[in-house]
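Every number for a ligand or one of its atoms is a count from 1 in the order of the listing.
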Amino acid sequence: MVKNKRDVKPLPRRASFSSKRAVLNQTITKVLSCPASSTSIKSNSSANIKVVVRVRPQSIKEEEGNNRIVVQVVNDDFLIFDPEEETQGFFFHGVQQKGRDLLKKVKKNMKFFFDKIFATDATNSDIFKGSTYPLISSVMDGYNCSVFAYGATGAGKTFTMTGTAENPGITYLTMTELFKQQEDLSTEWDFDLGITYLEVYNELVKDLLHPGPPLNLREDSNYGVIVAGIKVFKISNADELFNLLEQGNQNRTQHPTDANAESSRSHAVFQVYIKMTRKSTKEVRTAKLSMIDLAGSERGSVTGYGGARFTEGANINKSLLALGNCINSLADGQRHVPYRDSKLTRLLKDSLGGNCKTVMIANVSPSSLSFEDTYNTLKYATRAKKIKSNIHMNVAKVDLNIIHYVKMIDDLTNENKTLKQQLKEEVDKKEMLEKECERLKSEVEVSGFCADVNDEAFDKIKVLMQQQKEILERQFGLELNHDVTLLRSCLRSMKQKTDTEFCYITPIKNRIRDGLKSDLPILQSKENSLENVHKDEALIVNIDKQVDDILSEHPQHRQYVKMERMKLSLLKAKHVITLESKQSEALITEQKEKNELIEKMAGSLKYFYQLLQGHGVASSNITKQYQEISQSLLGRKHVTWGTLPDSGISSEASIAVSDVEEIQENKRKTEDEANQTFSMPSKPTKTPELYRVKGPNINFSRPVVRKMAVKNTNNKENVYRKPFDSTKTSSLTAKSVVNSGLKSAVTSRPKTIINHPRFKR
Ligand SMILES: Nc1ncnc2c1ncn2[C@@H]1O[C@H](COP(=O)(O)OP(=O)(O)OP(=O)(O)O)[C@@H](O)[C@H]1O
């Protein structure tokens, strides 16, 4: 039983939470161990706002005034407002009259139905179980959700949302459950969680956790209305939340009024941003959970205040009126909804008519003292029931066209085959070089020449041969370093591109084009160091010429020169072997990673196909494509469909490397295709203009909650870097650059060395 506001325990926004933490934790544990209510929010693409009504107990004042009870809760979804009293008959001079007592007011006796009705004995944990508990799994599935408490001043909104230390409100209960579910899912998902807490007071938006000047609202195509400059706090457990809530509530504007001793004079909006990344597939889900404690509406006469308090009240009423108008427009299905009439309605735009599962908690007093307020609240709540919102999961890959997956898997499979073939060639080449090395070694031994000649020509030859050796050694060092680094960096950047873009819809053309830009600096550096190598090569040729000239005059030194040149050849052969084996190593690693990637993609493909199927949007074409790709992977080795926990299929599949010709044919086709499709500039003359990339990223470290990018049904295309100007292009193509990076690293350099005139000798 509620006494007067001043008689009941203080609300936590003024109480010290820390001292009551222990009691509270026990209560929470009890609350959360109770089974959840059967109320459920269905994950339809279109859902009505769920409306629950909470009737608070009478306050002492109401009780003492012996006021009539005007709300009769009949069962958990039906109540009668202003019920008929027991008919006792109307007697006049002891005689029962036929008509009714005209002095008595006619009762409204109105029947209201809601999704759930909580009578006066309901606790906050009951409200939690019947309202926000079902929302939590929706949040985890990537749906935006919101809950707001609506009602007249003193109707129990803050008690419901914030509660007391003994009877914690649903904000705390919801967050505790959210953390619990987060922990349960932590083996499969990585979580990023941030919160904001703000108030709208006198039409000004203020950060409650980081007080400062008023903040502005901005529209974001993905996240609807966002608050520019609000500070997002990262939290990882309920305790941290507790402190922040306490801190925020301290900052909330609150003044006593006649109607409510601790009346909240502002609308408080608590928001949680969640980003979930599936560890296995890198699927990203984002969701926003908003919990709103509205300021109470009041009649000027009831508050009994003038001046600042009156302005306050007028602003509250103005924003609530705007809210009522929005509710009416949405309920009537009107195209224009006046969200812009107040800051509150702009903030609630998402929750009311956007991509959001919403629960409205209508708080009412049962006493006839609040007759009008209760009646209005029930009427608005009834209107709100009619609002439908279009909801969708904020899952980065749900709208991925399955054909892209098929193409990506095909590409990777082909690439894998090519890599295997290259690897085989490298191994063969290495064997050949080792044999050549042995041969040269034995030749040197057989020649058995010992240079003891001591004349000027011989000294000159000696110096020149020594110079040549030094140049070659420097060249080898450079080549080894450069080619291996280049190959590694090419492979790494290719892998990064595939990995990061694995989970978004990215037209392959754009993806490769973007990737090329990052390869350009590497190609540039390759060009530079190749220039040095060419200079060295010219020097070597020059030295050779000088030696040959000397030999023509002093043929007696031919034997010595031959031996020295053989030594150099031996040196080159060893160098090539080292280079080959380093490159083979990198290729083996790359091949392993490609296999893993194919395996991951196979798992993702299955998961998303099931997801589409679950949502009833897997068309026969998609099903056919899916079956084709799964057929082509089944029966091949190393592709395990069971990478996702629910995949069910555990058969092993292979990516066969059977036909070298087929591989080359495929590669040729792909290159032709890429050549026809696009080209790129010969030089990165200026930094390409960057465009906003919409992706499911939440940058909590930034002060502004910007673009918590989620794919929007209206906005399916990602925005990429500005395409290159096709008029300024060279004949380089995506594939050719990536391939040439690879090819040159893998094959060109060794070939250059083997074909070098000195080496051939
Ligand atoms: N279900 C309840 N059980 C016990 N006490 C309650 C309940 N609901 C509300 N109260 C008490 O009623 C008083 C008014 O509640 P509360 O401050 O939550 O109203 P409010 O709707 O937030 O008002 P305002 O809009 O003016 O801030 C408080 O003292 C609160 O403790």
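- Partner Arg54 forms a side-chain hydrogen bond (donor to acceptor under 3.5 Å, both in side chains) with one of Asn363, Thr120, Thr160 and no other, that one being Thr160.
- The N/O atoms of Ala155, backbone and side chain alike, include one that comes under 3.5 Å of an N/O atom in ligand 1.
- Within the 4.0 Å heavy-atom criterion, the part of Ala152 lying near ligand 1 is the backbone and not the side chain.
- For ligand 1, the polar-atom distance check against Thr160 finds no nitrogen or oxygen pair separated by under 3.5 Å.
- Remark: ligand 1 and Arg56 share no N or O pair separated by less than 3.5 Å (distance only, no angle test).
- Put simply, OG on Ser365 and CD on Gln58 are 7.0 Å apart, with the number rounded to the nearest 0.5 Å.
- Atom numbering of ligand 1 starts at 1 in the shown order; those under 4.0 Å from a heavy atom of Arg54 are 1 (N).
- By the 3.5 Å distance cut-off applied to N or O atoms, Ala122 is not counted among the residues near ligand 1.
- Among the atoms of Phe159, some N or O lies under 3.5 angstrom from an N or O of ligand 1.
- Heavy atoms of other residues, nucleotides or ligands lying less than 6.0 angstrom from CD of Glu183 number 12 at most.
- Both cation-pi conditions hold for Lys385 and Phe114: the charged atom is under 6.0 angstrom from the six-membered ring centre and inside a 45 degree cone around its axis.
- Between Lys157 and ligand 1, an N or O atom pair is found at a separation short of 3.5 Å.
- For the pair Asp207 (side chain) and Leu209 (backbone), a donor-acceptor distance under 3.5 Å is present.
- Below 4.0 Å from some heavy atom of Pro57 lie the following atoms of ligand 1, by number and element: 1 (N), 2 (C), 3 (N).
- Taking the six-membered ring wherever Trp is involved, the centroid distance between the rings of Phe148 and Phe270 does not fall below 6.0 Å.
- Remark: the Lys275 side chain and the Thr286 side chain contain no N/O donor-acceptor pair separated by less than 3.5 Å.
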